[in-house]
Amino acid sequence: AMEKSYVSMFLLLIVISCALAKDAGKKDSKDATAKPKLPQTLSRGWGDQLIWTQTYEEALFRAKHSQKPLMIIHHLEDCPHSQALKKVFAEHKDIQKLAEKFILLNLVYETTDKNLAPDGQYVPRILFIDPSLTVRADITGRYSNRLYAYEPSDISLLYSNMQKALKLLKTEL
């Protein structure tokens with residue numbers, strides 16, 4: 001019985017130290033408002049040169065105020081499909097260049113916004129939102145059972161969908 005309580009104490013300490021580390025991280029970023037934030041951490045490997053937003057709310061705010069479309073990538077670190085797509089996305093020069101015209105967000109958790117899961121919560125999935133904050137459910141990949149999924153072999157389709165999201169913008173605004 002004694003050993004059990006040691007284990008739970010130990011786990012509790014780990015949890016507390018993680019929580020403290022998170023808070024410490026938050027404090028630092030406030031002090032560093034003068035310096036541009038390094039996007040590497042927020043990019044999670046999808047494009048370290050690109051500027052990524054931190055939260056869905058921030059992304060929506062920026063899309064609305066900059067009049068740029070928003071691209072949201074749902075993925076998981078331990079999902080081989082996500083990893084494979086991330087690799088081709090990050091290495092695709094044209095996509096990385098085009099991505100500069102978007103507000104960017106990649107998420108490893110689901111938001112409470114049901115509009116971001118029009119046909120389910122699977123990963124990887126990529127959705128576009130225009131500056132009027134409408135989810136462009138019409139910009140889809142090639143799979144009828146997972147409309148917003150992309151495989152590495154679909155990278156040129158993703159590229160043309162990004163172009164489509166920018167074009168729609170020009171004609172509608």
Problem - Residues that Lys64 engages under salt bridge (charged side-chain N to carboxylate O under 4.0 Å, His left out), provided they are two or more places apart - result: none
Exercise for the section: Please work out whether the ring planes of Phe89 and Trp52 are parallel, tilted or perpendicular, with thresholds of 30° and 60°. Expected result: tilted
Exercise for the section: Keeping the roles fixed (side chain from Asn106, backbone from Leu42), state whether a donor-acceptor pair exists under 3.5 Å. Expected result: yes
Exercise for the section: Could you list the residues that satisfy side chain to side chain contact (heavy atoms under 4.5 Å, CB included) with Ser156, not counting sequence neighbours? Expected result: none
Fill in the blank from the handout: Separation between OG (Ser153) and CZ (Arg142), nearest 0.5 Å, reads 6.5 Å
Exercise for the section: Would you check if the side chain of Asn115 reaches a backbone N or O of Val135 as a donor-acceptor pair within less than 3.5 Å? Expected result: no
Fill in the blank from the handout: Across all chains, not counting sequence neighbours, the ring-ring contact (aromatic ring centres under 6.0 Å, His included) partners of Tyr150 are none
Practice task
Under the side chain to side chain contact (heavy atoms under 4.5 Å, CB included) rule, collect the residues that match up with Tyr143, sequence neighbours excluded.
Solution key: Asn145, Ala149, Glu151, Asp154
Fill in the blank from the handout: Those residues at least two apart in sequence (or on a different chain) that pass side chain to side chain donor-acceptor pair (under 3.5 Å) with Thr134 are Ser132
Exercise for the section: For Glu91, enumerate each residue passing the salt bridge (charged side-chain N to carboxylate O under 4.0 Å, His left out) test, keeping only those at least two apart in sequence or located in another chain. Expected result: Lys87
Completion exercise
For Tyr56, the ring-ring contact (aromatic ring centres under 6.0 Å, His included) test, sequence neighbours excluded, returns none
Problem - Sequence-distant partners of Ala99, side chain to side chain contact (heavy atoms under 4.5 Å, CB included), two or more places apart - result: Leu50, Leu104, Met162
Exercise for the section: Taking side chain to side chain donor-acceptor pair (under 3.5 Å) as the test, write out the residues that go with His92, two or more places apart. Expected result: none
Exercise for the section: Report the distance from atom CG of Asn161 to atom NZ of Lys167, rounding to the nearest 0.5 Å. Expected result: 10.5 Å
Completion exercise
Hits for side chain to side chain donor-acceptor pair (under 3.5 Å) against Tyr148, two or more places apart or cross-chain, chain-then-number order -> none
Handout entry: salt_bridge(Lys86, Glu77) N-O dist < 4.0 Å
Key = yes
Practice task
For residues 104-114, pull every pair meeting salt bridge (Lys or Arg N to Asp or Glu O under 4.0 Å), keeping only residues two or more places apart or in separate chains.
Solution key: Glu110-Arg125
Fill in the blank from the handout: Taken in chain and number order and not counting sequence neighbours, the residues that satisfy side chain to side chain donor-acceptor pair (under 3.5 Å) with Asp138 are Arg136
Practice task
Look only at the side chain of Gln96 and the backbone of Trp46, and say whether a donor-acceptor pair between them is shorter than 3.5 Å.
Solution key: yes
